[in-house]
Every structure is written in C-alpha cells, then in structure tokens.
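Structure, as structure tokens:
What you see is a predicted model, and the numbers here were worked out from it, not measured in a lab.
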Amino acid sequence: MGGSFKGRNALLSGVVLASYPALTAAALYPLPWVFVILAPLSYAAEAGLPSGAAERLGRLQLPATLRFMMREMAAVLLLARTAGAESPWFALLAGGLFLFHWMRAVQSGLATYLNRCHNLKPVDTRNLDVSFPPAPPETLVNWRGARLLYLDALPVGTAAFGALTGNDWLGSAGVAGALVLETAAVLALSVYVLRAAPLADRRRVIATVDERVRVYRPEVLLYFSGPADSAYQATMWLGALERIRSRVLVVLRERDLLGALGRTTLPVLCVPSAVDLMNFRGLDTARVALFASNVGNNIHMLRVPGVTSVFIGHGDSDKEASFNPFTKVYDEVWVAGPAGRDRYRRAGVGVRDEAIVEVGRPQLAGVRRTGPGLPCPSVLYAPTWEGWTDDLFHTSVITMGPGLVRGLLALGVRVIYKPHPLTGHRSAPARRAHASIMRTLRDAMTGDAAVPHLVVTGDEPHLYECFNQADLLVSDISSVIADFLASGKPYVVTNVAGLPEREFRERYPTASAAYLLGPNCAELPGVVSRIRPAEDVLAEARHELRSHLLGPDHPDALTRFDEAVTAARARADVAAGRSLATAGDEVA
C-alpha cells in the first residue's frame with residue numbers, strides 16, 4: 001500500500017513538472033488544441049498533489065505561486081502567438097494576471113489578520129455576556145494564499161479556448177471574472193476587518209471579559225487543560241456542576257478545548273496565557289478549584305492563594321491514573337466511594353487519608369437498572385485505550401477485540417461497540433484492530449439482518465445511554481466498570497494477560513464481582529448466558545461492590561457532591577479569614 005501511494009505521488013509530481021515545457025511548446029508552436037488538453041491535466045495533477053509532494057517541489061525552487069504563474073505565462077504566450085503581441089486582448093490578459101496576484105496578496109493579508117484577531121484573542125468565552133465582533137464565515141478566511149491560485153484556471157482556460165476558437169477576447173473576460181471574485185472577497189473581508197478592530201486591543205479585550213466575570217462572581221472553578229480529544233474528561237462533570245448551588249465557572253487553557261467541550265449552560269472562560277490567568281482579577285471571588293486531570297498547566301491555578309484545590313478526576317478505576325503520586329499536591333481528593341479511599345491507602349503515594357472525601361458519582365443519576373427490553377440481548381463492548389506505554393495488557397482491543405466481537409455476533413446478540421475516545425491515538429496495532437472491529441460490525445449490519453448493532457465513536461449517544469441500552473457490559477480495567485455498576489446489571493472484565501482468577505481479582509478489586517474473559521474468549525458463551533437472572537450468580541456480589549465503589553444510595557450522589565463543594569468553600573473562607581488576620585497582625 002505504501003509503495004502504491006509513493007508511486008502515485010511520483011506520477012502526479014511528474015505530470016506537473018512535464019506539463020510546463022509541454023504547455024510552453026504548445027503555446028510557442030502554436031497548437032491551441034494541444035494546450036486545451038494539457039492545461040486541465042496540469043491542474044488536475046496539481047490538485048491531487050499531497051502536501052508532502054508539494055513541499056518537495058518547493059524545495060526544488062518550484063513553490064506553488066511560481067508553478068501557477070508558469071501556466072499563466074504559457075497562456076499569455078499562446079495569446080501572443082495567436083492574436084499578436086500588439087493585440088489589446090494580449091495586454092489586458094497579461095496586466096489582469098499581475099493585478100490578480102496583487103489582489104490575492106491583499107485578500108490573504110486581510111484573511112490572515114482576521115484569523116489572528118479571532119483565533120488569538122487573549123481570552124475567549126462561552127455563555128458570558130460578552131459582545132465580541134462576529135467572526136467571518138470560515139470559507140471567507142480559509143480561502144487565502146495558495147488556495148486562491150486555482151482561480152487562475154478561469155483566465156488560463158478561457159484564453160486557451162479563445163485561442164482555439166479565434167475569440168481572443170475570452171482570456172480578458174476570464175481574468176475579469178477572477179478579479180471580480182477577488183474584489184468581492186476583499187470588500188467582504190474589509191467589512192469584517194473594520195468590525196474586528198477592537199479585538200486588536202489586547203488590554204481592552206481582557207478588561208471587558210474580566211468585568212463580566214467580576215459581575216458573575218464565581219465561587220467554584222472547573223479548571224481544565226489538555227488537547228481537544230481529552231475534553232470529555234471535563235465534559236463529564238458539566239451536568240452535575242450545573243445542578244449544584246454554587247456559582248461555577250469553567251476555566252480552560254487551550255483554545256481547541258472551547259469548541260470540543262460539551263454543551264453546557266455554565267459560563268466558560270478560556271485563558272491560554274499563564275500571565276493573563278494570574279492577573280485575571282475576576283477569579284478572585286472563587287474559593288474552590290476542581291481539577292479533572294493531572295497536567296502541567298494545573299500549576300498555574302494551584303499557586304493561587306486562597307483557593308482550595310480539589311482533584312475530582314475523570315472516573316474511578318484500578319488503573320494507575322486513579323492513584324497517581326502527583327495527586328498529593330491537591331488540598332483534597334474526592335473519590336466516589338470507600339474503594340477510592342482504599343486505593344490511595346494501598347498505593348501509599350502520599351495522599352493523606354483525611355484529605356480524601358467520598359462524594360459518589362453524580363453523573364450516574366440517569367443510569368437505569370433495567371435492560372433495554374429488546375427481543376435479543378444487547379452486549380456493550382466498551383474497551384479502554386492503549387495508554388501511554390507499550391503494555392499489551394492495557395486494552396483488549398489489540399489482542400482480543402476482533403475475535404471477541406466475532407464471537408458475540410456468532411451468539412446472536414446485539415453488539416454496541418463504544419471504544420475509548422483515544423483508541424488508536426498512539427498505537428498502530430490498536431488502530432488496525434479497531435478498524436477490523438468496525439468492518440466486522442459494518443458487514444453484520446448489511447443486508448436483511450434484523451439485529452440493529454450500534455457503533456459509537458463520537459459523543460452521542462453518551463456512554464451512560466449505552467449503559468441503558470445494554471443487558472451486559474464487556475470492558476477492560478477502567479472507570480467504565482465502576483460506573484456500570486450503578487445499573488446493577490452483570491458485567492464482564494477482560495483478563496488480557498491471562499492471569500489466574502484469584503490473582504486477577506486481588507490485583508483489580510473492581511473485578512471482584514465480574515465474570516472474567518480470558519485471552520482466547522473461550523468463556524464467552526457462558527458469560528453471555530449470565531444475562532438471564534436465573535444464571536446470574538454474582539448479582540448479590542455486585543450489589544455489595546456497588547456500595548463499595550460508588551458509596552451509599554442515600555443521600556444521593558448529587559446531594560453529597562453539592563454538600564462537599566459547599567463544605568470546601570466554607571473551609572476556604574475560614575482559611576482566607578485566618579490569612580487576613582495573620583497579615584493584619586504582622587502589619588500591626
């Protein structure tokens with residue numbers, strides 16, 4: 001496959017390079033009919049060039065602008081040979097093409113300026129009453145630079161056709177059409193440039209947003225930093241934070257997160273610069289900062305005095321992420337239930353027992369304890385991703401996934417496949433296995449198959465809705481297991497490494513009430529049969545484990561979470577009062 005791809009690139013590059021002398025020869029001879037055939041081939045090969053091949057041509061002193069101008073000059077030569085250099089149509093075509101490139105530079109400059117104004121604002125917001133100038137349409141700002149060069153196909157094509165038919169004026173009409181399009185784009189962009197002028201004043205933008213945040217007076221911050229594909233870690237907390245009594249502000253550190261974050265009614269503030277964040281006075285009223293992940297940028301909020309830092313994570317599990325030694329930097333660590341507390345005790349990573357608060361999992365309120373009620377049983381396969389290391393036992397996708405899905409299909413169940421959002425992010429084998437699973441399910445859904453299998457690779461339906469559509473879960477060691485226990489339904493954990501059952505359950509307590517599935521999936525028919533209540537021998541064990549992992553049913557998790565937030569605010573207020581009193585004594 002790689003060889004054919006390289007061969008295609010070489011062929012396209014060869015066609016582009018060969019087209020220039022061929023077009024020049026057809027223009028000088030002149031052979032208009034040959035030019036009319038060659039020009040579309042040259043443009044098609046240019047359009048098909050991948051970015052890597054185009055960059056290599058640039059290193060050979062053939063950048064994009066020069067490549068297009070060579071075709072343009074060939075068209076000018078053709079008109080000179082057929083209409084004569086003294087023809088006014090020749091002068092109009094040549095002059096119009098130079099003007100076209102000048103207009104292209106103006107449009108590219110305006111579009112680049114607008115992108116900088118809108119995409120590089122010192123701060124950005126959602127759901128805050130801040131009126132920024134409207135951003136121009138994506139098409140208007142994205143069509144700039146090399147993309148605009150393809151407009152020259154209009155004058156080149158019309159000039160060639162005019163030389164072929166004897167209508168010398170057609171080239172001038174074509175270049176006039178290109179200039180009209182350019183002029184319209186420049187005028188439209190100019191309107192947006194005038195509107196965007198306030199965005200160029202960095203201090204004014206910060207002051208405007210800061211004032212709106214001061215009016216809101218946030219009490220609690222959900223602080224999050226990371227790549228856009230990790231936004232789900234913050235999104236999972238939005239619904240719960242919308243329902244607590246405290247005023248919550250979401251603080252993001254990367255611009256890509258603003259669009260990737262899920263829907264919410266909470267105000268959202270994006271501050272990419274650490275300096276701007278440290279000087280943002282609107283955050284001074286906040287007394288609690290909630291952290292959903294351990295990342296380097298957390299230090300910028302952790303160093304703010306008077307704010308109680310709380311690690312809430314993005315799910316409890318037996319994986320190392322749920323007892324990371326970095327977690328000891330926070331004032332408090334909130335876990336779902338007693339299992340989370342035990343996990344930190346066993347790990348001995350420096351998190352003090354008195355710093356741990358059990359708050360439940362408020363996100364699970366909508367998880368039902370009944371099956372979907374379909375004619376055939378539904379099995380949710382929700383594996384974790386490959387992680388940051390080469391540990392083959394981190395995910396079942398690579399070694400077990402394709403065979404597991406084929407086995408489920410052979411048993412006649414409905415399969416819901418929801419992989420971790422980062423599956424294949426780092427590992428090529430994981431990407432290949434995931435693609436194989438997708439093909440298998442796609443093939444199973446073709447024809448007159450009555451079973452409505454479901455593949456979920458985006459945000460909808462949500463994982464918890466997938467819980468409600470399933471009678472049985474098959475998953476790896478991850479927070480999905482703990483969350484699924486809220487449903488009370490049976491679950492299966494993949495024993496990818498093939499460990500002895502007793503050792504596996506001791507190492508991973510969340511699997512203590514699970515049916516286990518070994519590397520060869522031999523147990524699959526038996527564990528699927530556990531969907532029937534009469535054969536579900538671990539129902540009582542799951543009930544006990546559910547309380548251990550998620551805490552008691554009463555009071556409900558949202559109430560416990562809300563009370564924990566209120567208590568943390570009160571402790572922060574007391575600490576801030578003590579600090580002010582101490583400072584006053586020192587001054588006295």
Are [X] and [Y] close enough that a side-chain donor and a side-chain acceptor fall under 3.5 Å?
| X | Y | result |
| --- | --- | --- |
| Thr285 | Glu219 | no |
| Tyr216 | Asn127 | no |
| Asp556 | Thr559 | yes |
| Ser309 | Tyr223 | no |
| Glu332 | Thr308 | no |
| Tyr232 | His462 | no |

field: Note: Arg263-Glu460 ion pair, threshold 4.0 Å (strictly below)
entry: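 Salt bridge between Arg263 and Glu460, a charged N being under 4.0 Å from a carboxylate O: yes.
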- prompt: Would you call Arg414 and Asp471 a salt bridge, using N to O less than 4.0 angstrom?
  reply: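 Not counted as a salt bridge, because no side-chain N and carboxylate O are separated by less than 4.0 Å.
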task: Apply the test side-chain contact (heavy atoms from CB on, under 4.5 Å) to residues Phe280 and Val209: give CA-CA distance (whole Å), side-chain angles for both, the deciding distance (0.1 Å), then the verdict.
output: CA-CA 9 Å; Phe280 211 85; Val209 176; 3.7 Å; yes
field: Non-hydrogen atoms of Ile244 and Phe561 that approach each other most closely
entry: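 Taking every non-hydrogen atom into account, CG2-CD2, 3.9 Å.
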Heavy-atom check, side chain of [X] versus side chain of [Y], under 4.5 Å:
| X | Y | value |
| --- | --- | --- |
| Met438 | Val455 | yes |
| Leu238 | Leu261 | yes |
| Ile437 | Tyr381 | yes |

message: Parallel, tilted or perpendicular, judged at 30° and 60°: which one describes the rings of Phe467 and Tyr464?
response: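 Tilted.
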